[in-house]
Amino acid sequence: MSLITETHSRRADTDAPLIPILIERWSPRGYDATAVIDETTLTTVLEAARWAPSASNMQPSRFIVARRGSANFTTIHENLMGFNQAWADSASVLIANVAELALDKTANELKENPWARYDVGQAVAHLTIQAQHEGLHTHQIGGFDGDALGTAFGLSDNQVIVTITALGVLGDASTLSPEMLEREIAPRTRLPLTELLLVNE
Ligand SMILES: Cc1cc2nc3c(=O)[nH]c(=O)nc-3n(C[C@H](O)[C@H](O)[C@H](O)COP(=O)(O)O)c2cc1C
């Protein structure tokens with residue numbers, strides 16, 4: 001059993017009742033480096049992203065899905081920045097979340113979609129919740145070399161990698177470096193709701 005589940009609850013300490021899946025979701029860095037996600041479950045997790053809402057149902061989200069052990073996984077992992085490389089290689093799957101910035105309305109006209117990045121975020125949010133429901137965990141990553149990755153995967157100028165999602169099975173946090181372990185078990189905090197509500201009459 002992992003250090004986290006033995007000694008630390010990572011459940012959100014909410015000020016209002018939430019559905020359990022939202023309370024239980026958190027972003028670990030300690031994954032089981034031997035775990036393999038079965039293909040049916042992986043499809044289910046991706047299907048959740050597919051069914052997220054999007055502006056005018058334009059569906060700008062695309063995904064590069066790389067299973068651990070594959071060359072594509074290595075490519076994504078090598079282009080992570082800073083300390084992300086030190087932990088993300090234990091995830092079972094790395095997913096590059098791509099936004100198509102413009103919609104191909106006709107064969108030769110691109111119309112800008114100002115909500116493309118927003119919609120990718122929403123699709124990933126759905127994916128994270130479905131993953132949690134499947135007993136998996138996710139950790140979103142903004143620290144990566146997007147230009148290098150875009151080139152490596154042959155993306156067009158219209159396709160931008162917004163984030164990477166690490167998907168995997170919770171592992172033993174005691175294998176993390178002391179610095180990462182400290183982050184792994186630090187209390188999860190949020191700004192008070194009153195600070196978020198610019199207007200609430
Ligand atoms: C867009 C985005 C980018 C992020 N980038 C990184 C990152 O590069 N490295 C990392 O370790 N965590 C990253 N995170 C994870 C956040 O730090 C984490 O979600 C936040 O601290 C809240 O923790 P929780 O998800 O456990 O509630 C990112 C999260 C998001 C949504």
Side-chain angles (χ1 to χ4, degrees), residues 2-5 7-33 45 48-49 52 60-64 66 68 73 75-99 101 115-150 160-173 175-193 195-196:
S2 82
L3 186 68
I4 297 298
T5 48
T7 59
H8 294 272
S9 168
R10 303 296 290 161
R11 294 163 60 86
D13 181 15
T14 66
D15 292 340
L18 300 185
I19 55 174
I21 216 86
L22 290 178
I23 293 175
E24 289 156 13
R25 186 214 59 82
W26 65 288
S27 303
R29 295 188 177 87
Y31 287 95
D32 179 348
V45 168
S61 303
R62 301 290 182 269
F63 303 95
I64 295 167
R68 191 182 52 242
F73 185 99
T75 299
I76 295 177
H77 180 254
E78 283 175 350
N79 284 288
L80 297 180
M81 288 173 160
F83 79 138
N84 290 321
Q85 278 198 12
W87 61 265
D89 54 344
S90 297
S92 303
V93 181
L94 292 174
I95 304 171
N97 306 303
V98 178
L101 301 177
W115 303 283
R117 287 181 174 82
Y118 178 95
D119 287 345
V120 170
Q122 181 142 240
V124 173
H126 280 223
L127 181 153
T128 65
I129 299 304
Q130 187 70 42
Q132 187 78 29
H133 179 74
E134 304 299 328
L136 302 171
H137 282 78
T138 52
H139 197 127
Q140 299 175 57
I141 301 171
F144 61 91
D145 186 337
D147 291 340
L149 266 183
V160 61
I161 302 175
V162 181
T163 51
I164 309 291
T165 301
L167 172 69
V169 173
L170 192 61
D172 186 352
T175 61
L176 295 171
S177 68
E179 295 76 22
M180 282 197 287
L181 178 58
E182 195 179 325
R183 291 187 186 214
E184 197 83 339
I185 61 178
R188 295 182 60 231
T189 60
R190 289 297 190 267
L191 297 171
L193 186 58
E195 198 170 329
L196 307 187

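Ligands are counted one by one from 1 in listed order, and the atoms in each one are counted from 1 as well.
- Under 4.0 Å from ligand 1, not a single heavy atom of Met180 appears.
- Between the side chain of Asn84 and the backbone N or O of Met81 there is at least one donor-acceptor pair closer than 3.5 Å.
- Atom 16 (C) of ligand 1 is not flagged as protein-proximal [any protein heavy atom, distance under 4.0 Å].
- Of the listed options Pro28, Ser27, Gly142, Gly142 places a heavy atom closest to atom 3 (C) of ligand 1.
- Between atom 13 (C) of ligand 1 and the options Met81, Gln140, Glu184, the minimum heavy-atom separation is to Gln140.
- The side-chain heavy atoms of Ile95 and Leu127, taken from C-beta on, include a pair separated by under 4.5 Å.
- Remark: minimum distance from atom 12 (N) of ligand 1 to any protein heavy atom is reached at His139 NE2, 2.7 Å.
- For the pair Arg10 and ligand 1, no heavy-atom separation below 4.0 Å is found.
- If you check which protein heavy atom lies closest to atom 27 (O) of ligand 1, you get Arg188 NH2, 2.6 Å.
- Atom CZ of Arg117 has 12 or fewer heavy atoms from other residues, nucleotides or ligands within 6.0 Å.
- With hydrogens left out, the protein atom closest to atom 1 (C) of ligand 1 is Thr163 CG2, 3.8 Å, a heavy atom.
- Checked against side-chain contact (heavy atoms from CB on, under 4.5 Å), Ser92 has the following partners two or more places apart in sequence or in another chain: Ala35, Ile37, Arg68.
- Counting protein heavy atoms under 4.0 angstrom from atom 29 (C) of ligand 1 gives one or more.
- Under the 4.0 angstrom criterion for non-hydrogen atoms, Phe83 is in contact with ligand 1.
- Summarising the geometry of Leu191 relative to Glu195, their closest heavy-atom pair is CD2-OE2, 3.8 Å, with the distance given to 0.1 Å.
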